[in-house]
Amino acid sequence: MSTAKPEPIQLFNTLTRSVEPFVPKMPGTVGLYSCGPTVYSYAHIGNMRSYIFADVLRRTLEFFGYKVNHVMNITDVGHLTDDADAGEDKLELGSKREGIDAWAVARKYTDAFFAHAALLGIKLPTVVCKATDYIPEQIAMVKALEDKGFTYLTEDGVYFDTSKFPTYADLGRLDIEGLQSGHRVDTRHKKNKTDFALWKFSKPEEHRCMEWDSPWGRGFPGWHIECSAMSMKFLGEQFDIHTGGVDHIPIHHSNEIAQSEAATGKSPFVRWWMHGEFLVIDDSSKMSKSSGHVLTAQALADAGYYPLAFRLLALQCHYRKQLKFSYESLAGAQRGYERLSHLTQRAVSEAGGMGHRATVLGAAAQGHLRAFHAALAQDLGTPQAVAELYSLLEDPAVTPAERISLVDTMDQVLGLDLFTPIPVPEVNAIPAELTTLLAERNKARAEKDWARADQLRREIDERGFEICDSPQGTTLKKRL
Ligand code: AMP
Ligand code: ZN
């Protein structure tokens, strides 16, 4: 029941910090690029929140009648442990950690990423492109920047000179002078604090799995250049929307704009920049791979949670607000998901089967659909859209046949797979106080308070539950 002609939608644009009517370059078609995962370890549910946001954006645009060309990269080289172009390549680090080569690390975590994305109802992008498959395009862009005088060479690599790009600070509203004076600039490598590597040289003592020849010497691309080179390859030199997490605003995306516009001479590189806020854990710290406190979609599934309950949790928080994750909130979303599923199955059985959906909607049903539409049209108001779904399923003025029809329509955007009946999960057997104890134990571990962590483990143990720690996170299982 999606609409035939593109309909108006308002989207927040980080460039202007305001909600604006969205107008694509080519009527009816949207070029959308999402910064994808760095595949050196499992993507955690914080990362996945960003991809749920991009997926909802894409689905909403499709629902509103646009044809969306959604491109996502896979960072399988060049992303260093330090955003200031120092530190180690994360993929090479993964290789050392796991005793397999960097190519195998990338394959392993790319596969896991898409498996987890599928669990969360995230559609496969139209194009998935790996950085290592487009090295010549990245070298060509660095060359173009060199020819136009935007680069300089150091003993460490080829750098972009941000002082030659006057609007560098715009996206991040950066205080360049403050940045310069507040930090020591490593003049061995960089002229300005905000300069960044376009190409890095392999060090003689380093044994990299991934390296290539270039006009400047053997090495590998800096992290940022891949997104400019690949987005332009698939979407053209100027396109409509670019997404990522909020942490990308001051560095990665500012760098992308600078190098892209400098290389092509065309502005704007991207008209709409959209950023998803973080998922944070109990103490308001960001869930991050480096903190060690992570959970994956698979770990949630292993513990008996529906991964789609996590998707519901994410949808119930607007993408520009921080989402505070706790086992209590997840358990609440689990109950909500069960209720939505139950109400949907009841509508199907009362209507006499899936085939009995309404083709014409009465006034009450139309009202719910209009409200759903209006919520999404206002910068992806998914919390209100989900509320509308609950409300129609409980509205006596909406017939079972209309309910089936509306759930079908709304699920095109929400992606909750509500027509697939769900089994009763084991997680119902985990009492709330145990999830609190687990959260406290995780916190104690993060604070390296081993005595308290051990004591909490014993308490959980005494209640007949086992703590399962794995690289995918920590969960509880009832002992058999
Ligand atoms: P990475 O794999 O580190 O390149 O990150 C993949 C995506 O996840 C990026 O768009 C990040 O901005 C985003 N991200 C990282 N941590 C979080 C978090 N805690 N909550 C939401 N998004 C995140
Ligand atoms: Zn990117």
Side-chain angles (χ1 to χ4, degrees), residues 9 11-12 19 44-60 63 116-117 119-123 243 245-246 274-282 284 286-287 295-297 300-301 303-344 368-369 371-395 403 406-407 409-420 422 425 427-428 432 435 439:
I9 183 167
L11 297 173
F12 184 83
V19 176
H44 53 68
I45 54 173
N47 301 130
M48 295 321 260
R49 184 190 182 201
S50 283
Y51 300 116
I52 291 173
F53 148 60
D55 180 65
V56 168
L57 171 63
R58 176 236 178 120
R59 285 170 178 262
T60 302
F63 183 68
H116 294 183
L119 289 175
L120 294 169
I122 296 171
K123 278 188 178 179
T243 71
V246 283
M274 295 183 69
H275 295 95
E277 250 300 347
F278 280 143
L279 176 143
V280 295
I281 32 191
D282 302 321
S284 289
K286 171 191 154 194
M287 182 173 275
L295 263 182
T296 68
L300 295 185
Y305 294 97
Y306 304 116
L308 290 174
F310 174 72
R311 182 174 173 109
L312 178 63
L313 183 69
L315 295 175
Q316 284 174 315
C317 179
H318 190 256
Y319 76 92
R320 284 195 286 120
K321 289 208 173 106
Q322 283 199 345
L323 168 59
K324 224 170 189 185
F325 177 83
S326 67
Y327 285 97
E328 283 73 20
S329 59
L330 181 62
Q334 178 97 348
R335 286 191 296 276
Y337 187 66
E338 282 163 0
R339 176 145 187 77
L340 288 174
S341 170
H342 167 74
L343 290 170
T344 303
H368 288 293
L369 187 56
F372 179 80
H373 225 271
L376 292 172
Q378 193 54 28
D379 193 29
L380 310 181
T382 54
Q384 298 88 331
V386 169
E388 208 52 51
L389 175 62
Y390 275 110
S391 148
L392 84 89
L393 283 169
E394 287 165 345
D395 183 349
R403 289 178 194 200
L406 287 177
V407 169
T409 301
M410 295 181 177
D411 221 18
Q412 288 172 28
V413 175
L414 303 178
L416 294 170
D417 194 20
L418 288 171
F419 287 116
T420 304
I422 51 172
V427 71
N428 288 340
T435 57

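No hydrogens, no waters, no symmetry mates; every other heavy atom, side chains included, goes into these values. Only a predicted model underlies this, so the values are computations on that prediction, with no experimental measurement involved.
- In this structure, the side chain of Y337 engages the main chain of L416 through a donor-acceptor pair within 3.5 Å.
- For the pair D379 and H318, the minimum side-chain heavy-atom distance is below 4.5 Å.
- A ring-centre distance under 6.0 Å is found for H373 and F63.
- Nearest heavy-atom pair, F310 versus I45, reported as atom, atom and distance to 0.1 Å: CZ-O, 3.4 Å.
- Looking at heavy atoms from C-beta onward, L279 lies out of side-chain contact with M48 at the 4.5 angstrom threshold.
- Considering every non-hydrogen atom in both F372 and E388, the closest pair reads N-CG, 3.8 Å.
- Within the model, atoms NE2 of H44 and CZ of F325 stand 12.0 Å from one another, a figure rounded to the nearest 0.5 Å.
- Among all heavy-atom pairs drawn from T344 and L418, the shortest one is CG2-O, 3.6 Å.
- Contact check for E277 versus K321: no side-chain heavy atoms found under the 4.5 Å cut-off.
- Just one of V56, D417, L119 meets the side chain to side chain contact (heavy atoms under 4.5 Å, CB included) condition when paired with R311; it is V56.
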Yes or no on side chain to side chain contact (heavy atoms under 4.5 Å, CB included) for L11 and L57, after CA distance, side-chain angles and deciding distance?
CA-CA 10 Å; L11 297 173; L57 171 63; 4.1 Å; yes
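- The line from OG1 of T409 to CG of L389 is 11.0 Å long, rounded to the nearest 0.5 Å.
- Y319 has its side chain out of reach of T382: every pair of non-hydrogen atoms, C-beta onward, lies at least 4.5 Å apart.
- Side-chain contact check for L312 versus Y306: every heavy-atom pair is 4.5 Å or farther apart.
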Decide yes or no on side chain to side chain contact (heavy atoms under 4.5 Å, CB included) for L120 and Y51, but give the supporting numbers first.
CA-CA 9 Å; L120 294 169; Y51 300 116; over 6 Å; no
Passes side chain to side chain contact (heavy atoms under 4.5 Å, CB included), L369 versus L406? Steps please.
CA-CA 7 Å; L369 187 56; L406 287 177; 3.9 Å; yes
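- Side-chain atoms of Q334 and E338, non-hydrogen and from C-beta on, do get closer than 4.5 Å to each other.
- Here the OG1-CG distance, from T60 to L380, works out to 5.0 Å after rounding to the nearest 0.5 Å.
- Between H368 atom NE2 and L393 atom CG the span is 9.0 Å, to the nearest 0.5 Å.
- Here H116 contributes atom NE2 and N47 contributes atom CG; the two are 11.5 Å apart, rounded to the nearest 0.5 Å.
- Nearest approach of A375 to Q384, heavy atoms of both residues: CB-CB, 3.7 Å.
- No side-chain donor-acceptor contact under 3.5 Å links R59 to the backbone of L414.
- Listed here is the closest heavy atom pair of D55 and G121: OD2-O, 3.5 Å.
- At a threshold of 4.5 Å between non-hydrogen side-chain atoms, the residues M287 and L295 count as touching.
- Scanning both residues, F278 and R49, for their nearest heavy atoms gives O-NH1, 2.9 Å.
- R403 places a side-chain N or O within donor-acceptor distance of the main-chain N or O of D395, the cut-off being under 3.5 Å.
- Looking only at side-chain heavy atoms (C-beta outward), S329 and K324 stay at 4.5 Å or farther from each other.
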